[in-house]
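Sequence lines set the chain letters: A, B, ... in the order given, protein chains first and strands last, and positions in each chain run from 1.
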There are 2 protein chains.
Amino acid sequence: MEKLEFKDLDRTFCPVSKAMREIGDRWTLLILRECFWGFKRFDDFQVNLKISKSVLTTKLNHMISLDLLEKQSYKEEGKRTRYEYTFTQKGKDLTKIMLSFLDWGNKYLVNEGEITLKAIDKISKKEVAIDILDDSGKRLKYSALEMKIVRK
Amino acid sequence: MEKLEFKDLDRTFCPVSKAMREIGDRWTLLILRECFWGFKRFDDFQVNLKISKSVLTTKLNHMISLDLLEKQSYKEEGKRTRYEYTFTQKGKDLTKIMLSFLDWGNKYLVNEGEITLKAIDKISKKEVAIDILDDSGKRLKYSALEMKIVRK
DNA sequence: CGGTATCCCGTGTGATACTG
DNA sequence: CAGTATCACACGGGATACCG
């Protein structure tokens with residue numbers, strides 16, 4: 001079997017391409033960010049994100065079809081039925097992507113003195129980091145990395 | 001000083017929003033991926049990504065203006081002057097975002113038996129992971145996280 | 001509150017042709 | 001090879017009105 005070179009490959013095989021096609025739009029990650037903060041209702045998304053209702057409808061339905069979100073109805077005593085959106089495991093697993101964005105954004109796009117967001121450990125209240133680890137758990141630099149083409 | 005609540009905040013303050021505005025388009029991350037693989041020339045990008053030349057020109061110039069890329073000229077003996085694009089530190093620091101996409105894409109968007117890409121340690125040739133760490137270097141679950149509004 | 005149905009518009013993108 | 005210029009268009013997104 002001959003060795004596959006990057007140049008020969010249709011880039012659509014790359015998981016980064018695939019992920020971009022699925023969540024690489026203006027709203028998906030921001031909706032999931034709102035979920036991560038605990039918001040669940042249509043109206044919260046709409047007000048917080050200042051997204052138009054028609055687009056939000058489309059996005060939510062699309063994200064449900066991609067298994068990023070689940071829609072559930074619930075009913076409080078004496079109130080009418082409501083709906084809430086919560087993320088699935090697949091959606092929740094986008095947290096690392098969100099935190100990477102957060103990290104990079106904080107480093108390069110936030111000025112000194114400006115208000116921003118950090119992710120902290122609930123217990124220690126200290127900042128968390130996101131990093132690249134080898135199989136023994138040691139942190140790696142980018143320069144220590146290479147890409148390999150494999151079959152899953 | 002009163003406590004700031006998420007609901008009160010214009011979402012544009014969020015570094016995730018800011019990052020999305022800067023790199024949340026169809027091409028930027030894919031161009032940086034090609035850089036990460038070692039490609040540097042206009043034509044490589046164009047052929048590999050199947051992007052139209054006019055769009056590529058616009059993107060590259062935009063990315064230079066955002067300080068994600070640098071353009072340099074170089075000259076080999078007896079050949080004419082060529083140009084190459086390499087990423088800046090700011091661009092290089094997007095690697096974690098790329099690896100997060102790679103990780104998530106591999107988990108959810110690649111079927112068994114399909115060709116895909118993994119990031120490995122150059123030395124040990126073993127797969128690397130990307131993870132969330134507390135300040136002592138211990139891995140954290142999402143459920144151990146919370147967000148905090150701070151000033152940089 | 002939680003949507004759907006229309007209509008409209010900007011812009012991101014591709015195709016093609018041209019240049020040094 | 002490394003672009004620029006021009007045109008044309010689809011589609012994502014916003015605004016508005018309407019509905020259960």
*Can you check each nucleotide of nucleotides 12-20 of chain C against protein heavy atoms at under 4.0 Å and return B for base, S for sugar-phosphate only, - for none, in 5' to 3' order?*
-BBB-----
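A search for ring pair (Phe, Tyr, Trp, His ring centres under 6.0 Å) contacts involving B:Tyr108 returns B:Trp104, not counting sequence neighbours. Remark: A:Ser73 pairs with A:Thr81, A:Tyr83 by the side-chain contact (heavy atoms from CB on, under 4.5 Å) rule, at least two apart or across chains.
Under a 4.5 Å side-chain heavy-atom cut-off, the cluster of Ile, Leu, Val, Met, Phe, Trp and Tyr residues that includes A:Leu133 is completed by B:Leu133.
Atom CD of A:Gln46 and atom P of D:dG13 are 15 Å apart (whole Å). Nucleotide C:dC1 holds its C1' atom 7 Å from the CG atom of A:Asp43, rounded to whole Å. In this entry the distance linking CG of A:Asn48 with P of C:dG2 reads 13 Å, nearest Å. Here D:dG12 presents its C1' atom at 16 Å from CG of A:Leu60, a figure rounded to the nearest Å. Per the geometry, CG belonging to A:Leu56 stands 16 Å off C1' belonging to C:dA5, to the nearest Å. Atom pair B:Asp44:CG and D:dC1:C1' shows a separation of 11 Å (rounding to whole Å applied). Between the CZ atom of B:Phe39 and the P atom of D:dA2 there is a distance of 13 Å, rounded to whole Å. Following rounding to the nearest Å, A:Arg82 (CZ) and C:dG3 (C1') show an atom-to-atom distance of 13 Å.
Of the N and O atoms on the side chains of A:Ser17 and B:Arg33, at least one donor lies less than 3.5 Å from an acceptor on the other residue.
Evaluation of the ring pair (Phe, Tyr, Trp, His ring centres under 6.0 Å) test over residues 128-152 of chain B, restricted to residues two or more places apart or in two chains, returns none.
At the heavy-atom level, A:Tyr85 lies under 4.0 Å from the strands shown only through sugar-phosphate atoms.
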Compile the donor-acceptor pairs under 3.5 Å between side chains in residues 95-103 of chain A and protein atoms, sequence neighbours left out, one pair per line.
residue, atom, partner, partner atom, Å
A:Thr95, OG1, A:Lys92, O, 2.4
A:Lys96, NZ, B:Ile130, O, 3.0
A:Ser100, OG, A:Lys96, O, 2.7
A:Ser100, OG, B:Ser100, OG, 2.7

